[in-house]
Peer 1: 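Quick one: structure below, then a few questions.
Counting from 1, the numbers follow the sequence of the chain as shown.
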Amino acid sequence: TNTMTRRHSDIYTEVISGNTLEVHYKYTYTPASHYDPEEEEVDITKVCANSRDITDFYWHYFDTSIIHDRVLDFARGNQ
């Protein structure tokens with residue numbers, strides 16, 4: 001394991017049509033080394049709308065790639 005690996009957990013929040021979406025995530029970043037390329041991962045662990053857990057609904061009905069990209073950009077800024 002690269003000793004430079006950074007990890008953090010946080011909540012990305014976005015207001016959509018008057019509803020508050022909270023995306024709980026874990027972010028891991030490992031810089032490139034002489035032997036391995038850079039690695040980056042964001043793992044969405046829970047999703048709430050107006051404080052109600054909608055995680056299953058999120059995975060089945062949301063365009064998760066859009067939210068994933070927003071969460072990843074947010075996580076990068078919070079390293």
Side-chain angles (χ1 to χ4, degrees):
T1 303
N2 188 324
T3 58
M4 298 298 293
T5 297
R6 294 190 301 271
R7 293 179 177 87
H8 75 266
S9 297
D10 204 346
I11 301 171
Y12 167 78
T13 303
E14 184 171 337
V15 177
I16 302 170
S17 301
N19 295 292
T20 302
L21 184 70
E22 299 170 341
V23 182
H24 301 243
Y25 69 87
K26 294 179 183 177
Y27 176 76
T28 304
Y29 174 79
T30 305
S33 70
H34 182 68
Y35 302 103
D36 297 307
E38 171 186 75
E39 290 184 32
E40 180 178 55
E41 180 180 8
V42 65
D43 179 30
I44 294 174
T45 58
K46 181 178 178 180
V47 181
C48 295
N50 299 326
S51 301
R52 294 184 63 191
D53 188 335
I54 63 160
T55 305
D56 290 338
F57 180 81
Y58 170 82
W59 290 118
H60 287 99
Y61 298 104
F62 270 66
D63 183 349
T64 57
S65 62
I66 292 171
I67 298 297
H68 181 273
D69 290 347
R70 291 178 183 172
V71 171
L72 181 58
D73 287 343
F74 179 80
R76 287 175 178 150
N78 287 326
Q79 290 188 57

Peer 1: Between Tyr29 and Glu41, is there a side-chain donor-acceptor contact under 3.5 Å, judged purely by atom types and distance?
Peer 2: no
Peer 1: Between His68 and Tyr25, does the ring centre distance come in under 6.0 Å?
Peer 2: no
Peer 1: Roughly how far apart are Ile44 CD1 and Thr64 OG1, rounded to 0.5 Å?
Peer 2: 7.0 Å
Peer 1: Considering the options Leu21, Val42, Leu72, Val71, which one meets the side-chain contact (heavy atoms from CB on, under 4.5 Å) requirement together with Tyr12?
Peer 2: Val71
Peer 1: Pair Arg76, Asp73 - check salt bridge (charged side-chain N to carboxylate O under 4.0 Å, His left out), show working.
Peer 2: CA-CA 5 Å; Arg76 287 175 178 150; Asp73 287 343; 3.3 Å; yes
Peer 1: With heavy-atom distances below 4.5 Å as the criterion, would you say the side chains of Asp10 and Phe74 are in contact?
Peer 2: yes
Peer 1: So which heavy atom on His24 is nearest to which on Cys48, and how close?
Peer 2: NE2-SG, 4.2 Å
Peer 1: Examine Phe57 and Ile16 and state if one hydrophobic cluster contains both, with Ile, Leu, Val, Met, Phe, Trp and Tyr joined whenever side-chain heavy atoms are less than 4.5 Å apart.
Peer 2: yes
Peer 1: Please check this pair: side chain of Thr55 against backbone of Val47, looking for a donor-acceptor N/O pair closer than 3.5 Å.
Peer 2: yes
Peer 1: At what distance, to the nearest 0.5 angstrom, does OG1 of Thr28 lie from CG of Asp43?
Peer 2: 8.0 Å
Peer 1: Within this structure, what is the CG-OH distance for the pair Asp56 and Tyr61, rounded to the nearest 0.5 Å?
Peer 2: 10.5 Å
Peer 1: Find the distance between OG1 (Thr45) and CD1 (Ile11) and round it off to the nearest 0.5 Å.
Peer 2: 8.5 Å
Peer 1: Indicate yes or no for a side-chain donor-acceptor contact from Asn50 to the backbone of Asn19 under 3.5 Å, with no hydrogens or angles considered.
Peer 2: no
Peer 1: State, to 0.1 Å, how close Ala75 and His8 come at their nearest heavy-atom pair, and which atoms those are.
Peer 2: O-CE1, 3.3 Å
Peer 1: Out of Glu40, Arg7, Arg6, which one pairs with Tyr27 under the side chain to side chain donor-acceptor pair (under 3.5 Å) rule?
Peer 2: Glu40
Peer 1: Can you confirm whether Glu38 sits close enough to Pro31 that some side-chain heavy atom of one is under 4.5 Å from a side-chain heavy atom of the other?
Peer 2: no
Peer 1: Say you draw a straight line from CD of Glu14 to CD1 of Ile66; how long is it, rounded to the nearest 0.5 Å?
Peer 2: 10.0 Å
Peer 1: Report the distance from atom CD of Glu39 to atom OG of Ser33, rounding to the nearest 0.5 Å.
Peer 2: 9.0 Å
